[in-house]
> 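Quick one: the structure is below, and I'll ask about it shortly.
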Amino acid sequence: MKRRISITITGRVQGVGFRPTVYRYAQAAGLTGFVKNTPAGVVVEAEGGAAAVAEFVERLRQQPPVQARVDEFKTAALPLGGEKDFQIAGSQPSGDLLIGIPPDLATCADCGQEIRDPTNRRHGYPFTNCTCCGPRFTIVRELPYDRVKTAMSTFPMCPACQAEYADPANRRFDAQPNACAVCGPALRLINTHSEPVSTADPIATAADLLRQGHVLALKGLGGYHLCCDATKPEPIRRLRDRKQRPDKPFAVMFQSLEEVRRHCVVEDHEAAELTSIAAPIVILRRREERTLPPDIAPDTRDLGVFLPYTPLHHLLLDRLSPLVMTSGNRSEEPLAADEAELEHLLGTFADYALVHNRPIVRRCDDSVLKMTGRQRLFIRRARGFVPAAIRLPHRGPPVLAVGGDLKNVFALTRRQQAILSQHIGNLDEFAGYRFLETAVDDLARLLGIRPEIVAHDLHPDYAATRFAREFVAPTHIAVQHHHAHVAACMVEHNLRGPVIGVALDGLGYGPDGTIWGGEVLLADYRTFQRVAHFKPCRLPGGDEATRHPLRMAWSQLVTEFGAEADAMAAEFLPALAAEERTTLRQVISQGVNSPWTTSAGRLFDAVAALLGFQRPISYEGQAAIRLQALAETAPLAPYAFALEKARDPWIISFGPTLRAIVGDLRAGQARSHIAGRFHRAVAAAITETCAGLRVRHSLREVVLSGGVMQNDFLLGLLHESLHSKGFRVHSQQLVPPNDGGLALGQAAVALARFFE
Ligand code: ZN
Ligand code: ZN
Ligand code: FE
């Protein structure tokens, strides 16, 4: 008995070798019919004996290609067609876009071997790829994912590549970016005047130049890197000067995992991340013996590490490793990705550039994460993860959620899926704002989404809010900053709420016009109630205070200790001159351009300043990072704090903590000890607050979010102490707890409100 069926498969099914796999399975089962890419996903029609068809369907269901992610798998019976064979049909350009575009995939082991094999025709070829690896998100112009719709459209395949592409038994069967030295993109080494450097081997010469101490711009997948020899202090210093980035940690690329292990402690799940197809930057603990110049990451004991993820990286690192690799831009500006920007890089930052002629269609930074146990803690979610979709709690009309002003990421939704953008960056820079405009346009077009709801932060002065208001759509919904943080974490864990939402954060606009950031909320998606918060103090000079931990320390001392504060400051805040103290005290007491804030981030800044970090910060979070690095992790008793339950919302006061810190400083206690006890006081205060709330509201779920949760020491303490009190504790592992995860929460809240 013959039968014919159709199968429609949606999810991440294009650019991952799906059609070749279907083809092979169909051949093996002796079926006829076809497979094709459509905007609705992969469509298969297969015909043959009933048993063979059933077996084929089962095999495809059980063993899709490794990089695929199947969301839906639908079958239907059809009348017989009577073809002679099974074919891969041409793509169909229109319809409802439901397919997922794969992220860029790091070079696979097979391709890695080929480029190092002198007998292989791809020996030394830096753009080698196959169906399992290579660029995807950064080269797709539009869907469906076919070579003509990618940055490879101008490179017609040579006969040898074409033969691989057409051969179902080949690893490159249907690999859209397939290329070789004969037909594919080519490398070029150029100097500061964009003139070619004459060399038969650009990679070897580039390695020599790096060895001599030069800074090299390197064209990667989603933009340019700036790199230099990671073993030499001098080029690192020069790179810092040129980028105006005095302290912010640089990432280091190592040739191999073995080499990483010589410099850092690598746990199994960290090794798994480093060697995964996403190949993110993983933050590891440096070994005690300082093997690389401390200037690479002066503020911490950690080091951001990654492995080569393109053949070009492999070939370069084979010749010289390790290399400092940092995004090619001025600090906080979008990653440079086009020719004009390269010229700017060459004039300003780099001495040479190793470039090629495959255009970068879409900018995309490296992802950065840290492992806390087996769980990912994202600092930045970009290459290798974008544009993988995240499941939402509600189905609804398409939403554009614009995110926040720092570490901006926006989200687009389709039915029950949220697609988060790559890291856009800081919007207070004009270039960042421009990037947001073009990236929203680009991703909406690529995914075929026309937003009907625009979600944005409550902050009236955010550039992102301005952008949202100007975006034409039927509905606009404002979402409070910390409600969005909490909701983002709820989405990840598929929680319906209500939950106890703990948002420890930098600055976020509160509905009362003050600046929130140390918040405990009772929240579901639709709404929230502020049930407890850190004791407010003044933010002298507004947002600008974020740059000055010293001023935050002074503001805390004045708030807590009044007249006593002067003696304390004279003793422990020597960098604050007496006149400045007086001026700031006036500003604080009169509230001139000094809003009230409950920010947890600013409390960490204040304590960092008391413990000696008294200069302005040079990058976001610097003082808190120093404080974490300082903290003794051995068990210590938490400092005292006060939970004022007579007020509504409750007030979590660290006045007693600050007094104890000053006392310990006077007693000459080690700063590491003080920092350790402070971290424990914050964890203990949150735990006691949650325990008190449970009595009132009988809730067991606690979600943890906000930028302060990037502090994995604090996060670990919170998990531990809340868990020991019987709470189910959830923190974020799909998107960053910082403002890079805000858009996901905004989208979920907007959808919940839309249906109220
Ligand atoms: Zn490969
Ligand atoms: Zn070729
Ligand atoms: Fe935030």
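In listed order, ligands and their atoms are each counted from 1. Atoms considered below: every heavy atom in the structure, side chains included; atoms not considered: hydrogens, waters and symmetry mates. Keep in mind that what you see is a predicted model, and the values were worked out from it rather than measured.
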> Using modelled atom types and a 3.5 Å cut-off, is there a donor and acceptor pairing between side-chain atoms of Asn357 and backbone atoms of Ala186?
yes

> For the atoms SG of Cys161 and SG of Cys158, give the angle they form at the Zn ion (ligand 2), rounded to 10 degrees.
110°

> Quick check on the Fe ion (ligand 3): does His485 put an N/O/S atom closer than 2.8 Å to it?
yes

> Let me check your reading of the structure: within less than 2.8 Å of the Zn ion (ligand 1), is there an N/O/S atom from Cys132?
no

> What do you get for the angle at the Fe ion (ligand 3) between NE2 on His481 and OD1 on Asp505, to the nearest 10 degrees?
140°

> Of all the N, O or S atoms in Asp739, which one sits nearest to the Fe ion (ligand 3)?
OD1

> Would you give the angle at the Zn ion (ligand 2) between Cys183 atom SG and Cys180 atom SG, to the nearest 10°?
120°

> Working to 10°, measure the angle at the Zn ion (ligand 1) formed by atom SG of Cys130 and atom SG of Cys133.
120°

> Do the rings of Phe528 and Trp516 sit parallel, tilted or perpendicular, given the 30° and 60° boundaries?
perpendicular

> Should the heavy atoms of other residues, nucleotides or ligands under 6.0 Å from CZ of Arg188 be counted, would the total exceed 12?
no

> Would you verify whether the NZ or CZ of Arg466 falls within 45 degrees of the ring axis of Tyr433 while also being under 6.0 Å from that six-membered ring's centre?
yes

> In this structure, which one of Arg530, His485, His481, His533 forms a side-chain hydrogen bond (donor to acceptor under 3.5 Å, both in side chains) with Glu519?
Arg530

> Would you sort out whether Phe410 and Phe467 count as a ring-ring contact (aromatic ring centres under 6.0 Å, His included), showing the intermediate values?
CA-CA 11 Å; Phe410 64 89; Phe467 174 78; 8.1 Å; no

